[in-house]
Participant: 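Before we start, here is the structure in question, set down as structure tokens.
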Amino acid sequence: MSYFLQQLINGLQLGFVYALIALGYTMVYGIVKLINFAHGDVFMVGAYLGFFAMANWALPFPVAILVAMVGCAVLGMVIERLAYKPLRNAPRISALITAMGVSLFIENFTNLNFVFGPAPRAFPRPFAVRTFNLGGVSITNITVIVFGVSILLMVALTWFVNSTKTGRAMRAVSMDKDTSRLMGIDVDRIITITFGIGSALAGAGGVLFGFAYPQIQPLMGIMPGLKAFVAAVLGGIGIIPGAMLGAVIMGVVETFTSAYVSSTLRDAVAFGVLIIVLLVRPTGILGRPGREKV
Amino acid sequence: MTQQSNGVLLSVKDLVVSYGAIRALHGISFEVGEGEVVTLIGANGAGKSTTLNAVSGLVRPSGGEIRFLGRRIDGKPGHAIVRLGLTQVPEGRRPFLGMTVRENLQLGAFNRPKSEISETMDRVFKSFPRLKERLGQTAGTLSGGELQMLAMARGLMARPRLMMLDEPSMGLSPILVQEIFSIISEINRQGTSILLVEQNAYMALRVAHRVYVLETGEVVLSGTAAELRESPRVKSAYLGE
Amino acid sequence: MSLLDIRGLTMKFGGLVAVKDFTVSIDAHELVGLIGPNGAGKTTVFNLVTGMHAPVAGTIEFQGRRIQGMRPWRVYALGIARTFQNIRLFGMLSVLDNVRVADHHRGEAGLVHSILRSPKFRHEEKRTTDRALELLSILGLDQRRDELARNLPYGEQRRLEIARALVSDPKLLLLDEPAAGMNPSEVGQLMELILSIKERFNLTVFLIEHQMKVVMGVCERVVVMEFGEIICTGKPEQVQCDPKVVEAYLGVQAEESQQ
Amino acid sequence: MTGTRRRLSPGWLALIVTVLAYAALQTLMSTKVINPYWQQVAGLAGIMAVSALGLNLVYGYTGQFSLGHAAFYGIGAYASALVTRSLGPSIWTLLLGIAAGAVIAGLVAFLIGLPILRLRSDYLAIATLGFGIIMKVLFDNSDAVIPMMGGSAGMTGIARLTNFAWVFVFALGATVVLRNLVFSSVGRALVSVREDELAAEAVGINTTKYKTLGFTLGCMYAGVAGALYAHLYAYLNPFNFDFLKSIDVLLVVVLGGLGSISGTLVAAVAWTFLLEGLRVALPASIQDWRMVIYPLVMVVFMIFRPGGLFSGTEFGFLKPRSARRRT
């Protein structure tokens with residue numbers, strides 16, 4: 001039983017990191033219908049920014065998270081302006097291929113020796129890892145930080161999207177772009193902001209990932225990126241609570257597969273769950289089934 | 001008001017719009033004056049909605065010019081046009097279904113200062129008292145008539161000089177159509193000019209001051225509403241007589 | 001004997017009742033109009049007849065055979081063809097191919113014959129091409145055979161859709177607002193076209209239309225819908241005078257029209 | 001392209017040019033003017049062409065967005081390698097292996113396609129992507145069931161039974177078959193599904209059948225390509241059949257132009273040679289930049305030519321006579 005609870009905690013921790021990435025995927029998809037493959041790489045850049053902030057500039061970790069968030073927000077907005085905006089009216093496949101191109105570019109560019117370099121680096125921990133024992137389940141202060149920061153960010157995002165003018169505009173644009181224009185909303189600006197916020201969350205996710213699984217390298221974003229996207233689809237793409245739910249499910253399923261079945265099969269099981277959910281409920285767990293107009 | 005506008009709010013000259021190889025508007029011209037209700041009537045596909053979408057910046061014209069208050073607005077982005085005081089209530093209402101009535105109204109006032117929103121809302125509720133009761137409900141729970149009212153109220157939240165309405169009667173029962181049209185007249189009396197696109201020619205001719213008849217992307221007939229009510233051509237094509 | 005027999009047809013989307021207890025019977029070689037305000041449920045009736053939706057309740061019999069809930073391609077193979085309100089051509093296929101593809105279901109030379117270019121394949125290809133060209137020339141589109149469908153002007157796209165619907169020799173043709181977006185002279189030509197193809201191909205036609213001129217000009221019988229229900233059926237002249245229809249369809253107050 | 005009776009028809013002309021080109025290449029290879037390295041690259045280009053033609057059938061013609069093409073490529077590779085290793089290397093077991101690769105890839109595609117082809121566009125892409133990742137995991141763990149497959153260490157001991165000649169013949173065959181298929185009633189049915197599924201149903205096309213058909217055939221192409229690859233490279237590693245490999249093929253199809261056989265052929269050859277060419281052309285010190293330049297080319301190309309090289313058009317000789325314009 002305590003083993004089960006322990007794995008559940010581990011799964012939730014992974015799920016929360018996925019959630020921070022998945023939120024960016026789902027917001028961007030909701031607004032421009034683009035699978036932003038480069039998003040996982042933004043997450044990776046966030047981890048590196050956190051690394052530099054702490055290891056090279058000796059900043060405290062809350063500041064490191066902020067640095068990563070700001071840096072990633074800028075990166076996300078630059079990617080959107082340079083690579084995606086020119087293709088807004090092009091066939092969707094062109095935008096998708098471009099996203100893959102951007103993703104490969106970031107991976108291979110940061111892989112160069114004078115940038116981050118291919119060698120994995122140990123993520124610094126500015127404090128000792130302490131373990132608390134709660135009835136047979138051990139929880140580290142790292143886990144507490146991961147839970148705390150991600151919950152804080154998710155609450156903040158939910159508040160922002162639901163209760164601010166810009167958040168309202170983001171929802172409006174994701175529902176109906178033309179009508180949003182008729183309301184006087186500058187749709188391009190909202191799209192850029194969305195990329196910025198999504199990327200900032202991924203940046204924070206990168207730093208937390210570094211804390212929890214303390215090794216980073218330039219290709220570290222690929223698999224978490226894919227899984228976070230899958231999580232977003234699982235929960236119902238474009239739906240913010242869906243992304244959180246899907247991410248937690250992915251994290252837990254993955255951890256349980258490793259713990260009870262085989263760690264080499266965990267990706268297969270995670271994606272198997274995705275395919276089954278899509279077949280039963282093509283628009284995801286919280287998604288609304290759509291009807292085609294004749 | 002700027003001098004060159006001479007009481008003309010909106011003037012459209014030789015407007016051409018194409019979708020790919022298909023030309024939807026072949027150079028149409030019309031004007032809307034200060035305080036007027038002007039209506040465009042015509043069959044499905046005659047180019048009425050395209051005209052409104054070109055004026056409000058949703059589609060880019062390939063020729064001609066559009067002036068609002070004397071200023072060129074063709075080619076300007078849609079959100080900038082709204083700021084000048086020109087709003088469009090789109091065909092099919094297009095409410096933000098997942099949002100509440102209040103949020104829909106707030107979005108209508110997107111570019112207005114926060115301080116005036118509650119005052120504008122109160123003013124709008126005078127025309128649409130039913131919406132006040134439904135403020136907290138999501139738009140998806142409203143009936144067709146209420147959705148049309150929401151769309152119009154949302155348009156008014158921007159405090160427009162000119163409001164364009166696309167097919168407000170669509171899918172509504174005759175009694176509701178009556179109600180909607182009397183609200184339109186009332187909005188006009190309170191000082192907002194109206195450009196109305198309608199298939200329901202009877203009602204359109206009743207509330208409008210002036211009328212333009214569109215057929216396959218061209219203006220084929222225009223005049224005062226009274227003149228056109230008697231036109232045999234309008235009678236046979238649109239009034240089914 | 002009635003060709004199409006619809007009884008108690010009902011359709012719901014979510015909570016909304018789009019069509020309610022719709023009952024109509026159409027005889028062979030009739031030309032029946034279906035009119036009503038926007039959103040009355042006319043297109044939904046067409047979608048139910050052609051298998052695009054499965055009804056919640058009711059039956060549809062075509063030549064004595066129940067077809068409700070059948071997949072659209074099966075319904076088509078039985079002899080019911082349609083056009084769409086907002087023109088649904090295969091934009092990146094040529095005009096000729098748009099027509100030929102609608103004849104595909106009759107072909108017997110499948111994959112292997114196609115890959116081997118067997119005599120059977122060539123024979124069928126020639127037959128279907130000849131048939132398609134014949135229809136294109138009837139509809140005045142033979143000069144356009146190699147254009148991509150999406151590059152045709154609006155009026156020609158409408159005619160191409162009709163050509164495509166006719167290639168399979170349907171018994172029943174459903175036309176969804178064929179005159180939409182046409183100017184009066186085009187509308188006149190369209191009316192002649194509808195009447196001439198009806199005779200030439202021995203068709204039964206069921207037609208949705210907004211323009212009263214078309215409805216009054218070609219229909220032998222008219223069914224009027226409002227809010228998903230039939231409010232009146234009859235000859236065009238009768239229907240036109242029915243106050244209920246005037247009120248629903250023309251959107252005018254009944255008392256006013258009586259003045 | 002308006003061949004009159006006196007001139008040779010484009011089809012025959014193309015055949016003659018093809019045979020001459022092949023003879024020239026083969027002569028250059030056997031005289032070692034083209035060294036074994038470039039022979040191998042030429043072989044890879046041909047394999048890419050076969051695989052990409054398959055994906056073009058799935059996505060370009062039938063409109064079904066697949067991000068899992070590499071999985072079928074891998075299935076074909078492993079299946080054929082198992083056949084030749086079990087039955088001993090010979091031309092006959094190679095042919096049997098290629099057939100097995102095609103059939104098994106097709107069978108898996110059919111079985112997985114039946115449920116997932118109901119999904120639309122992006123959802124189908126995600127499902128196929130998921131399938132690709134699952135297959136990669138299964139290849140990684142294959143040694144647990146069939147030790148010969150080697151799992152994540154890779155499969156060795158495969159006889160090098162293919163060469164440029166084999167690849168050329170199969171690529172030519174794949175092209176002709178696809179051309180004949182596309183310009184036929186079946187081909188029109190496939191394209192109608194891509195253009196408008198609902199309208200296709202309304203004109204008598206059983207869309208489920210044709211989606212499954214296009215998907216299965218396209219994946220059989222991938223199976224053939226994988227079988228050729230297995231016996232050209234003589235070593236298989238699950239790493240070669242991962243998500244990025246699917247992207248590679250998709251890229252060739254999109255760069256060439258969706259729904260264009262000519263475009264796919266040109267892009268497959270150009271892309272393979274560009275990548276390998278950069279490897280040779282760049283000095284060792286900036287080798288790493290190769291992988292930076294390649295995605296940049298991709299992005300710039302998409303921004304300036306989103307429709308690909310040949311969007312929906314073909315070289316004249318790739319159209320049957322009946323499909324050529326009459327002028």
Side-chain angles (χ1 to χ4, degrees), chain A residues 26-27 29-32 81 85-86 88-91 158-194 235-243 283-284 286-294, chain B residues 19-20 49 52-60 76-100 102-114 117 138-140 147 150-160 163-166:
Chain A
T26 220
M27 290 196 297
Y29 190 93
I31 221 158
V32 284
R81 279 286 143 119
K85 194 171 175 230
R88 192 116 336 124
N89 298 316
T158 307
W159 169 81
F160 179 81
V161 169
N162 286 327
S163 311
T164 65
K165 189 171 149 180
T166 308
R168 204 151 49 223
M170 279 168 61
R171 279 185 291 147
V173 172
S174 75
M175 286 179 203
D176 185 339
K177 281 191 198 49
D178 275 348
T179 307
S180 300
R181 284 195 184 96
L182 294 179
M183 301 297 106
I185 296 169
D186 183 346
V187 170
D188 282 332
R189 194 175 139 260
I190 295 295
I191 290 173
T192 306
I193 292 174
T194 306
I237 190 116
I239 303 165
I240 287 176
T283 45
L286 299 185
R288 235 173 260 155
R291 192 163 57 85
E292 203 190 348
K293 266 196 138 181
V294 184
Chain B
Y19 297 112
S49 291
L52 294 200
N53 288 341
V55 171
S56 54
L58 294 187
V59 298
R60 191 173 273 271
K76 277 200 180 202
H79 61 91
I81 293 172
V82 177
R83 274 179 212 159
L84 299 174
L86 201 170
T87 62
Q88 180 185 345
V89 180
E91 183 180 350
R93 354 271 192 225
R94 308 272 285 263
F96 297 106
L97 282 177
M99 295 197 203
T100 62
R102 184 196 302 277
E103 286 176 316
N104 270 279
L105 294 177
Q106 283 168 333
L107 280 166
F110 190 76
N111 287 319
R112 308 297 305 183
K114 209 174 171 182
I117 288 183
T138 53
L147 285 177
L150 175 61
M152 287 163 65
R154 191 177 61 180
L156 286 174
M157 288 300 293
R159 300 197 170 190
M163 182 150 93
M164 304 192 286
L165 295 155
D166 197 347

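Because only heavy atoms are used, hydrogens play no part in the values below, and waters and symmetry mates are left out as well, while side chains stay in. All chains are named by letter (A, B, ...) in the order of the sequence lines, taking the proteins before the strands, and each is independently numbered beginning at 1.
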Participant: Do His79(B) and Arg189(A) touch side chain to side chain, with heavy atoms closer than 4.5 Å?
Facilitator: no

Participant: I need the Asp178(A) CG to Gln88(B) CD distance, nearest 0.5 Å.
Facilitator: 9.0 Å

Participant: Taking the side chain as everything from C-beta on, heavy atoms only, tell me whether Leu182(A) gets closer than 4.5 Å to Pro90(B).
Facilitator: yes

Participant: Determine the minimum heavy-atom distance between Ala172(A) and Phe96(B), stating which atoms define it.
Facilitator: O-CE2, 3.4 Å

Participant: Identify which part of Asn162(A) has an atom lying under 4.5 Å from any heavy atom of chain B, answering side chain, backbone, both or neither.
Facilitator: backbone

Participant: Check Asp176(A) against Arg94(B) and note the closest heavy-atom contact, atom names and distance.
Facilitator: OD2-NE, 2.7 Å

Participant: Enter the distance from Asn111(B):CG to Met183(A):CE here, rounded to the nearest 0.5 Å.
Facilitator: 10.5 Å

Participant: May I ask you to name which of Arg168(A), Lys165(A), Lys177(A), Arg181(A) has the most heavy-atom pairs under 4.5 Å with chain B?
Facilitator: Arg168(A)

Participant: Measuring heavy-atom distances to chain A, does Ile81(B) have an atom under 4.5 Å in its side chain, in its backbone, in both, or in neither?
Facilitator: neither

Participant: Counting only heavy atoms from other residues, nucleotides and ligands, does the tally under 6.0 Å from CZ of Arg81(A) exceed 12?
Facilitator: yes

Participant: Which heavy atom in Thr179(A) sits nearest to a heavy atom in Arg154(B), and how many Å separate them?
Facilitator: CG2-NH2, 3.5 Å

Participant: Heavy-atom distance under 4.5 Å to chain A: side chain of Arg83(B), backbone, both or neither?
Facilitator: side chain

